[in-house]
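Just below is one structure, and these are the notes that go with it.
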Amino acid sequence: MSSIQKAFKVALIPTHNQEVLINKTIGCARYVYNRFLALKKELYASEGKTLNYNTCSQQLTILKKEIEWLKEVDKFALQNSLKNLETAYKNFFADFKKIKGKKGVGFPKFKKKHGCKQSYKTNLTNGNIQIIENRLKLPKVGWVRFHKSQCITGKLVNVTISRTSSGKYIASILCEAEIDKYPQVTPNIGLDLGLKSYLTTSNGETVDNPKYYRTQKRKLRKAHKKLSRSVKGSSNRVKAKIKLAHTYERITNLRDDFLHKLSTRLIKENSIICIEDLRVANMVNNHRLALSISDASWSKFVTMLEYKALWHDRIVQKVGTFYPSSQTCNHCGFINPLVKDLKLREWSCPSCDNYNLRDVNASSNILSEGLRILTAAVGIPEALNACGELVRPGAIQAKIVEAGITRL
Ligand SMILES: [Zn+2]
């Protein structure tokens with residue numbers, strides 16, 4: 001048994017009054033975020049000073065005395081808005097230093113009323129949030145009914161309420177829960193993420209790419225057409241917008257379900273999982289590949305693997321992007337430059353004559369390179385026994401987390 005943080009998502013069924021108050025809270029949270037972002041920018045431009053979280057928090061207390069309607073909503077929502085702003089700044093500067101401001105997390109932007117994610121977060125203090133059967137108690141809002149599709153277990157930490165583009169209200173309930181770890185297993189695996197198939201393992205297994213955008217294309221096109229033909233400001237336009245948002249939400253749900261099932265299975269069956277560290281952000285700039293890549297949503301998949309690995313004492317080891325995993329023959333180590341051509345799906349090694357299937361060869365190389373990095377970096381070669389099996393996953397996992405090695 002071990003303690004983890006897990007988020008449960010449920011669809012809320014608010015009454016009209018509750019809906020109004022939730023929207024008001026989202027609006028106030030956005031107002032606070034934007035107001036303090038403007039203040040921070042202004043102060044920096046005029047005096048070169050920065051405003052820290054504590055000062056902002058004090059200013060917020062003063063602001064609430066001036067603006068009556070800020071007092072009507074959940075105070076935690078407003079505090080969390082300030083915290084989010086602080087995090088946005090921190091992420092920006094951390095990323096800026098790391099990659100010299102070329103790409104990555106941008107400077108914090110003002111939140112818009114439409115288009116971006118609309119949400120607020122509230123924290124648990126003195127039983128202000130409770131769950132009884134299919135009802136969730138929220139500060140100020142009161143008891144809200146929700147669709148119960150799963151059992152919510154564990155100690156409540158916080159709740160994020162969001163409104164989707166199609167107008168649904170979702171509560172993401174974060175709980176601290178005890179989980180049963182999967183039993184220890186010995187196999188290690190290398191994964192080659194691709195476009196033709198979603199991934200190929202070093203065992204030779206191929207998982208097909210479901211390509212949900214492509215399969216739902218007709219529905220998407222129809223929804224887009226309906227929207228573009230509707231008259232601006234008409235009620236049909238509102239309906240068409242909701243219909244389109246529904247289609248997109250359905251695609252996301254289908255894809256998330258696929259990614260969850262796949263990552264859970266890989267974690268359950270393997271001890272060490274080696275993957276290529278794909279700079280997805282860079283690759284998406286290539287327009288021709290962009291749709292396929294975002295559809296494949298690799299980064300989401302890797303994140304799932306990483307947190308599930310933490311839960312179950314598994315290891316996810318990334319291999320550098322510049323490692324020539326496709327071109328190296330896994331049998332003898334010969335580097336064949338001809339394999340740079342993406343169309344070359346299988347090849348005979350000029351050096352050892354081994355017949356290599358492109359993706360299986362690549363994933364086998366990723367596995368060997370991952371294991372090499374792992375043993376070198378952790379500094380305990382005894383971590384692996386003669387068969388390359390992990391001996392003490394728990395201890396090594398802890399050491400890796402401590403050293404931050406998984407983020408190569
Ligand atoms: Zn060879």
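Atom set for the values below is all heavy atoms of this structure, side chains included, hydrogens, waters and symmetry mates excluded. Both ligands and their constituent atoms are indexed starting at 1 by order of listing.
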> Using 30° and 60° as the class limits, which term best fits the ring planes of F107 and Y89: parallel, tilted or perpendicular?
Replying inline: perpendicular

> Among the protein atoms near the Zn ion (ligand 1), how many are N, O or S and lie under 2.8 Å away?
Replying inline: 4

> Around atom CD of E133, are there more than 12 heavy atoms of other residues, nucleotides or ligands at under 6.0 Å?
Replying inline: no

>> Looking at R145 and L12, would you say the former's side chain and the latter's main chain have a donor-acceptor pair under 3.5 Å?
In response: no

> If you measure from CZ on F301 to OH on Y198, what distance do you get to the nearest 0.5 Å?
Replying inline: 5.5 Å

> Would you say the side chain of E205 lies within less than 4.5 Å of the side chain of T200, judging by non-hydrogen atoms?
Replying inline: no

Under 3.5 Å, which donor-acceptor pairs link side chains of residues 349-364 to any protein atom two or more places apart or in another chain?
{"residue": "N354", "atom": "ND2", "partner": "N356", "partner atom": "OD1", "Å": "3.0"}
{"residue": "Y355", "atom": "OH", "partner": "E346", "partner atom": "OE1", "Å": "2.6"}
{"residue": "R358", "atom": "NH1", "partner": "V339", "partner atom": "O", "Å": "3.0"}
{"residue": "R358", "atom": "NH1", "partner": "D341", "partner atom": "O", "Å": "3.1"}
{"residue": "R358", "atom": "NH1", "partner": "L344", "partner atom": "O", "Å": "2.9"}
{"residue": "R358", "atom": "NH2", "partner": "V339", "partner atom": "O", "Å": "3.1"}
{"residue": "D359", "atom": "OD1", "partner": "R345", "partner atom": "NH2", "Å": "3.4"}
{"residue": "D359", "atom": "OD2", "partner": "R345", "partner atom": "NH2", "Å": "2.9"}
{"residue": "N361", "atom": "OD1", "partner": "N330", "partner atom": "N", "Å": "2.9"}
{"residue": "N361", "atom": "ND2", "partner": "S326", "partner atom": "O", "Å": "3.4"}
{"residue": "N361", "atom": "ND2", "partner": "T328", "partner atom": "O", "Å": "2.8"}
{"residue": "S363", "atom": "OG", "partner": "T201", "partner atom": "O", "Å": "3.1"}
{"residue": "S363", "atom": "OG", "partner": "S202", "partner atom": "N", "Å": "3.3"}
{"residue": "S363", "atom": "OG", "partner": "D359", "partner atom": "O", "Å": "3.1"}
{"residue": "S363", "atom": "OG", "partner": "V360", "partner atom": "O", "Å": "3.0"}
{"residue": "S364", "atom": "OG", "partner": "V360", "partner atom": "O", "Å": "2.8"}

